[in-house]
Every structure is written in structure tokens, then in C-alpha cells.
Colleague: 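Starting off with a structure, shown below.
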Amino acid sequence: QMQLVEAGGGSHQAGDSLTLSCKAYGQSLRSYALGWFRQAPGGEREFLSGIGRSGSHQSRADSVKGRFTIARNNAENTAFLFMTSLKPEDTAVYYCAASYTQYDEVVPAEYDYWGQGTQVTVSS
């Protein structure tokens with residue numbers, strides 16, 4: 001079993017930058033593709049960005065291209081989401097997820113483990 005714990009959320013002003021982290025406990029992340037998602041109140045879960053096992057390949061949703069960057073540090077068993085130019089519409093609960101993969105897959109069809117989420121609130 002793996003436990004994912006997100007951190008770094010909070011209340012921010014529009015235009016701020018923010019870094020979310022996701023630390024894994026119980027297993028190494030080296031064999032897992034990682035993803036960041038968010039869910040706004042009353043909305044559906046939205047894929048934001050994915051990264052393969054090696055960190056060499058990434059994918060981002062159009063809604064966050066140029067503003068959000070995913071990264072990982074396998075030695076520290078941690079994933080990151082670097083967020084810039086925050087907007088009020090970025091207000092949501094942000095989740096990280098991990099999917100066991102045999103290849104350097106970036107956006108797997110399913111994720112095996114999910115974190116509990118961290119709230120990000122952006123005011124104008």
C-alpha cells in the first residue's frame with residue numbers, strides 16, 4: 001500500500017505563485033507515473049498534468065499550460081506542482097495520484113493511489 005500526502009495549499013491572491021508537494025509513504029515512487037488533478041466546488045475532477053517514471057516526459061492540460069509545471073524527485077519520493085499566475089478559477093481541491101507502470105507512461109488510464117487533497121483558494 002502507498003499513502004500520498006499533499007501539502008502546500010492555502011489562501012492566495014490572484015497573480016501569486018504556489019508550490020504543492022505530494023509525498024509518498026509505504027512504497028517507492030520510482031515505478032509509478034504521477035498526476036495532479038483538481039476538483040472545484042460542484043465540478044468534476046479535472047486532469048492538470050502528468051509525469052512519467054523517469055521525469056523526462058510530461059503532459060499538461062491546455063487550461064494550465066504556461067502556468068503550471070509538474071516535477072518529481074524520486075530520491076525524496078515526492079512530486080511537485082509549481083503554479084504561477086494564479087487565477088480565482090484555480091480555486092479547487094488539488095489531488096495527486098500514482099499509477100504503477102512498466103514503461104515511462106505519462107498519462108495512464110487509471111491511477112492506483114490518490115492523496116486526500118489540499119485546498120487552494122485564490123481571491124481576486
Colleague: Quick check: do Ser63 and Arg38 have side-chain heavy atoms less than 4.5 Å from each other?
Modeller: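 A side-chain contact exists here, since the closest heavy-atom pair is under 4.5 Å.
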
Colleague: Find the distance between OG (Ser124) and NZ (Lys87) and round it off to the nearest 0.5 Å.
Modeller: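 Rounded to the nearest 0.5 Å, the OG-NZ separation comes out at 13.5 Å.
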
Colleague: Which distance, rounded to the nearest 0.5 Å, do you find between the CH2 of Trp114 and the OG of Ser99?
Modeller: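 With rounding to 0.5 Å, CH2 (Trp114) is 10.0 Å from OG (Ser99).
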
Colleague: Can you check whether Asp112 reaches Glu110 side chain to side chain, under 4.5 Å on heavy atoms?
Modeller: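 The answer is no, as the side chains (C-beta and beyond) never meet within the 4.5 Å cut-off.
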
Colleague: Which residues end up grouped with Val5 if you chain together Ile, Leu, Val, Met, Phe, Trp and Tyr wherever their side-chain heavy atoms are less than 4.5 Å apart?
Modeller: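 Tyr25, all in the cluster of Val5.
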
Colleague: Check whether any side-chain heavy atom of Arg60 sits under 4.5 Å from a side-chain heavy atom of Thr69, and report yes or no.
Modeller: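 The answer is yes, as the side chains (C-beta and beyond) meet within the 4.5 Å cut-off.
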
Colleague: Report the distance from atom CZ of Arg67 to atom CG of Asp90, rounding to the nearest 0.5 Å.
Modeller: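 Spacing of CZ (Arg67) from CG (Asp90) equals 4.0 Å.
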
Colleague: Go through Gln27 and Asn77 one step at a time and tell me if the side-chain contact (heavy atoms from CB on, under 4.5 Å) criterion holds.
Modeller: CA-CA 9 Å; Gln27 290 187 44; Asn77 235 25; over 6 Å; no

Colleague: Which other residues end up in the same hydrophobic cluster as Leu34, if Ile, Leu, Val, Met, Phe, Trp and Tyr are linked when side-chain heavy atoms come under 4.5 Å apart?
Modeller: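 Leu34 shares its hydrophobic cluster with Met2, Leu4, Leu18, Leu20, Leu29, Tyr32, Trp36, Leu48, Ile51, Val64, Phe68, Ile70, Leu81, Met83, Leu86, Tyr94, Tyr100, Tyr113, Val120, Val122.
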
Colleague: Could you list the residues that satisfy side-chain hydrogen bond (donor to acceptor under 3.5 Å, both in side chains) with Asp16, not counting sequence neighbours?
Modeller: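 Here no residue qualifies.
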
Colleague: Report the distance from atom OG1 of Thr19 to atom CZ of Phe80, rounding to the nearest 0.5 Å.
Modeller: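 Rounded to the nearest 0.5 Å, the OG1-CZ separation comes to 8.5 Å.
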
Colleague: SG/Cys96 to OH/Tyr111 distance, rounded to the nearest 0.5 angstrom?
Modeller: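 Answer rounded to 0.5 Å: 10.5 Å.
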
Colleague: Would you mind reporting whether Ser21 and Glu6 have side-chain heavy atoms less than 4.5 Å apart?
Modeller: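 Side chain of Glu6 against side chain of Ser21, heavy atoms only: no contact under 4.5 Å found.
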
Colleague: Just by modelled atom types, is the Arg53 backbone N or O under 3.5 Å from a matching donor or acceptor in the Asp104 side chain?
Modeller: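 Yes; at least one donor-acceptor contact below 3.5 Å.
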
